[in-house]
There are 2 protein chains.
Amino acid sequence: MTKIIPERSIERLSVYRRVLLQLRDADAAVVFSHELSKHAGVTAAQVRRDIMHLGCMGVPNSGYRTSELLDAINTFLDAPESQRAVLIGVGHLGLALLNHFSGRWRWLHIHAAFDTDAGKQDTLIRGVRCYPLSEIGRIVREWRIDVGILTVPKDAAQNVADRLCAAGVRGLLNFASLRLQVPEGVYVENVDLTSSFEKVAFFARQGSKALDSSLPCDQAEAVNSVEGTQSH
Amino acid sequence: MTKIIPERSIERLSVYRRVLLQLRDADAAVVFSHELSKHAGVTAAQVRRDIMHLGCMGVPNSGYRTSELLDAINTFLDAPESQRAVLIGVGHLGLALLNHFSGRWRWLHIHAAFDTDAGKQDTLIRGVRCYPLSEIGRIVREWRIDVGILTVPKDAAQNVADRLCAAGVRGLLNFASLRLQVPEGVYVENVDLTSSFEKVAFFARQGSKALDSSLPCDQAEAVNSVEGTQSH
DNA sequence: GAGTGTGAAGGCCTTCACAGCT
DNA sequence: AGCTGTGAAGGCCTTCACACTC
């Protein structure tokens, strides 16, 4: 049944949603694809193409109704019932993510954290309780956790991933700088900070070449940066 | 003059390098594409294709000489003279990155940090001195900084990016959850934690559809009992 | 006129498959 | 036999261009 959708479209829909939330707060009742395009750093055609996956929402000379589009994205991206995540490794990066994610969405929530440091265990961090690693299996199973966020040192990552997968998570967000081996059916998104940094450094150097032969520009299409995305 | 190379290849070369460093430490004198492939999570053909960009290095039935391949990647990825970066926003995320990057490479180094918090200013954090934001322009210009790492709240991000670009950086690593507007020739790599998280959640849900039959040795795969509560 | 929805074209990247080497 | 290097094929995604709508 699954309509297949490009991974990149999912990422962009997430971006559009945040732009739309801001627009709605600014009382913008309608929005055009070229406006979204500007804020999201992609072409207008791309925006319309992505929105196609939601079913058609727009009105030809009037753009999209902000709240309607927002609802459609919510329905599409979010689970019908909320999803549960855990975070393993409460270092600076783990703390940053707890700060960033905790309490932000009701439909996608970090339910527990894990760390080897006994000093952190049983404490509340940003409203999230911290447990020893030995509890991973039990808690993931009992609470039916869907997603694991790995912010552990690379030497520990595979072992933790194995435990999470054995306990039934279906997705991993991996910040450790190695590629995890996981069973079929488990989705892994790698956020590789080292690669990202080295990539920026590389293209910062190359960048001078990129004197793009610009279009006969009928109008301000711009989006004048070279653009990357992470992910993976 | 630039040989054009896929962005993804750059990312993967960065991954291969780390794998090779470990292999070299394990005294592996040679390495096959299928070995790299396994550790990097891509196909062997992809590995060979990426290595093509470096010029040919391998010996048909003997694989690649580890140190030779490593040198070639270093030469390709790294600047002939070292590149300099600064980091703006010393919150948890900024600290995590300082920890992660500082002193790790001599050819790519974070030279200064910036924060609005006066308590952090003039202190040394992981060997990196912290300055007030007002110093950005001066320091970036004087030290000829190439890359800026933005770990500031989203409301501050565009303003900081403008200052960095005006002072001459050629690349930005942006962790703020919005798309920056930058002048032509400045490369932006977005690391969008929100998108990544939402993407994992989405595909973790979708993944269940891919119930590929016949996974032999798979025993009790959790998610047992109640199923009505969770479907799509 | 101004914007959306979308088939078709195009481009980038990955995979295939096999020649060639050792 | 086993592995690399690489043209060719394929697939995924983006962009173009235009019919259609208000």
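Sequence lines set the chain letters: A, B, ... in the order given, protein chains first and strands last, and positions in each chain run from 1. Excluded from the calculations below are hydrogen atoms, water molecules and symmetry mates; all remaining heavy atoms, backbone and side chain alike, are included.
Atom-to-atom, CZ of A/R12 to P of D/dC12 comes out at 15 Å; the value is rounded to the nearest Å. With rounding to whole Å, A/L69 atom CG is found 14 Å from C/dG3 atom C1'. Rounded to a whole Å, the NE2 atom of B/H53 is 9 Å from the C1' atom of C/dC13. Atom CD1 of A/I5 and atom P of D/dC13 are 10 Å apart (whole Å).
Residue pairs meeting the ring pair (Phe, Tyr, Trp, His ring centres under 6.0 Å) criterion with at least one partner in residues 159-190 of chain A, sequence neighbours excluded, are A/Y187-B/F203.
Taking every heavy atom of residues 13-30 of chain A and every atom of DNA chain D, no pair lies under 4.0 Å.
In summary, A/D192 and A/R179 engage in a salt bridge, as defined by a charged side-chain N under 4.0 Å from a carboxylate O.
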>> With side-chain hydrogen bond (donor to acceptor under 3.5 Å, both in side chains) as the criterion, how do A/S195 and B/R18 come out once you've worked through the C-alpha distance, each side chain's angles and the decisive distance to 0.1 Å?
In response: CA-CA 10 Å; A/S195 277; B/R18 270 167 286 157; 3.0 Å; yes
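Under the ring-ring contact (aromatic ring centres under 6.0 Å, His included) criterion, B/F202 pairs with A/F76, not counting sequence neighbours. Partners of B/R163 by side chain to side chain contact (heavy atoms under 4.5 Å, CB included), not counting sequence neighbours, listed by chain and number: B/L133, B/I136, B/N159. When the ring-ring contact (aromatic ring centres under 6.0 Å, His included) test is applied to B/F101, the partners found at least two apart in sequence or on another chain are A/F197, B/W105.
Checking C/dT15, C/dA8, C/dC13 against the side-chain heavy atoms of A/R49 singles out C/dA8 as nearest.
A donor-acceptor pair under 3.5 Å links the side-chain atoms of B/S37 to the main chain of B/V42, judged by distance alone.
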Pull out every protein N or O sitting under 3.5 Å from an N or O of nucleotides 1-5 of chain D, one pair per line with the distance.
from	atom 1	to	atom 2	distance (Å)
D/dG2	N3	B/N61	OD1	3.3
D/dC3	O4'	B/P60	O	3.0
D/dC3	O4'	B/N61	OD1	3.3
D/dC3	O2	B/P60	O	3.1
D/dT4	OP1	B/S33	N	2.8
D/dT4	OP2	B/S33	OG	2.6
D/dG5	OP1	B/M57	N	3.2
D/dG5	OP1	B/G58	N	2.8
D/dG5	OP2	B/Y64	OH	2.7
D/dG5	N7	B/R48	NE	3.0
D/dG5	O6	B/R48	NH2	3.0

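A distance of 11.0 Å separates CG of B/D50 from CZ of B/R48, quoted to the nearest 0.5 Å.
OP1 or OP2 of C/dT15 sits under 4.0 Å from a side-chain N or O of B/Q46.
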